Amino acid sequence: MTVLSGAGISTDSGIPDFRGPNGLWTRDPAAERASTLSHYLADADVRRAAWRNRVRWFERDPLPNAGHEAIVALERRGVLRAVVTQNVDGLHQRAGNDPSLVHEVHGSILATRCWGCGDRRPMPETLARVAAGEDDPPCRACGGILKSDTVLFGQPLDPAVMDAAVRASEECDVMLAVGTTLSVYPAANCVPRARVAGARVVIVNGAPTEMDRHADVALVASLSDVLPAICAP
């Protein structure tokens with residue numbers, strides 16, 4: 001099985017999704033500016049707000065929930081090919097999935113990267129500087145603009161990560177898509193690629209998705225309630 005996960009698997013951990021009724025961008029459309037590379041690079045106020053939000057995210061310290069733990073159960077059964085995740089929260093790894101099986105197509109909030117020189121460091125190191133008064137901390141290596149090591153709109157995906165995600169989609173017997181509207185590309189393409197390669201497709205989400213027509217089974221349900229039953233031996 002290959003699992004494709006989106007923001008909906010982490011909502012029960014207290015991390016809001018983006019486009020749902022209570023999603024981050026639904027409640028605060030201005031927050032979407034911080035997710036757009038051109039705005040982030042050009043506007044220091046956008047960066048300052050982003051750093052404040054990162055501090056609050058780490059203060060909340062979200063933990064894996066029953067949905068994440070169900071995916072770990074697949075690995076323990078020896079049937080997990082990979083987790084392709086659109087999430088940046090690291091909760092699959094924190095729940096216990098082998099990091100080598102997790103392909104983070106949109107990067108990770110757990111690290112920072114300089115837009116200029118590419119210097120990469122743990123996020124807590126930079127947040128300590130924010131707490132000490134640097135509201136828009138520059139890169140210590142070159143003085144350039146720092147961002148979380150996540151992929152913003154207008155920023156290219158890592159081709160090696162995306163290639164691994166595509167292979168995992170084409171080499172599975174079952175594609176389990178969970179907590180994603182399947183409207184963000186190219187990650188959403190993993191579902192039809194799996195289907196064309198002969199895999200069965202199961203979609204579980206809190207609302208209908210744009211790919212339900214490709215599914216053998218499409219469930220509208222709470223992931224924390226349903227995934228433990230789906231993934232149990």
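Note that the structure is predicted; figures quoted are calculated from it, not measured.
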**Asked** Under the 4.5 Å side-chain heavy-atom rule for ILVMFWY, direct or indirect, which residues accompany Val166?
**Response**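 Reading the cluster by chain and number, Val166 sits alongside Leu4, Val84, Val105, Val151, Leu157, Val161, Met162, Met175, Leu182, Tyr185, Val191, Val201, Ile203, Met211.
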**For Val196, the rest of its hydrophobic cluster, which grows through side-chain links under 4.5 angstrom** =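 When side chains under 4.5 Å apart are linked, Val196 ends up in no cluster with other residues.
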Excluding sequence neighbours, so at least two apart, what forms side chain to side chain contact (heavy atoms under 4.5 Å, CB included) with [X]?
X: Leu152; answer: Leu37, Tyr40, Lys147, Thr150, Gln155
X: Asp135; answer: Arg48
X: Arg213; answer: none

**Request:** For side chain to side chain contact (heavy atoms under 4.5 Å, CB included), just list the numbers for Thr85 and Ile9, CA-CA rounded to whole Å, side-chain angles, deciding distance to a tenth of an Å, and then say yes or no.
**Result:** CA-CA 10 Å; Thr85 185; Ile9 197 172; 5.9 Å; no
Within this structure, what is the [atom1]-[atom2] distance for the pair [X] and [Y], rounded to the nearest 0.5 Å?
X: Arg193; Y: Arg167; atom1: CZ; atom2: CZ; answer: 11.5 Å
X: Thr126; Y: Met123; atom1: OG1; atom2: CE; answer: 6.5 Å
X: Leu227; Y: Leu176; atom1: CG; atom2: CG; answer: 6.0 Å
X: Ile109; Y: Asn87; atom1: CD1; atom2: CG; answer: 11.0 Å
X: Gln86; Y: Cys190; atom1: CD; atom2: SG; answer: 8.0 Å
X: Arg52; Y: Arg56; atom1: CZ; atom2: CZ; answer: 7.0 Å

Do you know the tightest heavy-atom contact between [X] and [Y]?
X: Ser169; Y: Cys172; value: O-SG, 3.4 Å
X: Ala207; Y: Asn205; value: O-ND2, 3.0 Å
X: Leu146; Y: Pro138; value: CD1-O, 3.7 Å
X: His68; Y: Ser10; value: NE2-OG, 3.3 Å
X: Gly90; Y: Leu110; value: CA-CD1, 4.2 Å
X: Cys231; Y: Ala73; value: O-CB, 4.3 Å

**Arg54 to Trp51 six-membered ring, cation-pi geometry met (6.0 Å, 45°)** =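 Arg54 over Trp51 ring: yes.
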Kindly indicate whether the side chain of [X], heavy atoms from C-beta on, has any atom under 4.5 Å from the side chain of [Y].
X: Leu219; Y: Ile230; answer: yes
X: Gln93; Y: Glu104; answer: yes
X: Thr112; Y: Ser148; answer: no
X: Arg94; Y: Leu91; answer: yes
X: Cys114; Y: Cys142; answer: yes

Set of side-chain hydrogen bond (donor to acceptor under 3.5 Å, both in side chains) partners for [X], sequence neighbours left out:
X: Ser224; value: Asp12
X: His92; value: Ser5
X: Arg200; value: Asp216
X: Arg120; value: Asp149

**Prompt:** Quick one: ring pair (Phe, Tyr, Trp, His ring centres under 6.0 Å) pairs with a partner in residues 99-137, sequence neighbours left out?
**Reply:**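 Counting only pairs at least two positions apart or across chains, no ring pair (Phe, Tyr, Trp, His ring centres under 6.0 Å) contact touches residues 99-137.
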Among the clusters formed by ILVMFWY side chains lying less than 4.5 Å apart, do [X] and [Y] turn up in the same one?
X: Val202; Y: Val220; result: no
X: Leu223; Y: Leu63; result: no
X: Ile71; Y: Val102; result: yes

**Asked** Quick one: salt bridge (Lys or Arg N to Asp or Glu O under 4.0 Å) partners of Glu69, sequence neighbours excluded?
**Response**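 Expected list: none.
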**Asked** Which residues pass the salt bridge (Lys or Arg N to Asp or Glu O under 4.0 Å) test with Glu134, sequence neighbours left out?
**Response**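 Only Arg129 meet the salt bridge (Lys or Arg N to Asp or Glu O under 4.0 Å) criterion with Glu134.
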**Asked** If only atom types and distance count, is the side chain of Ser13 paired as donor or acceptor with the main-chain N or O of Pro62 below 3.5 Å?
**Response**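 No, Ser13 side chain to Pro62 backbone: no donor-acceptor pair under 3.5 Å.
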**Item:** Sole candidate of Leu74, Val174, Leu101 that passes side chain to side chain contact (heavy atoms under 4.5 Å, CB included) when paired with Val3
**Value:**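 Going through the options one by one, the only one that passes is Leu74.
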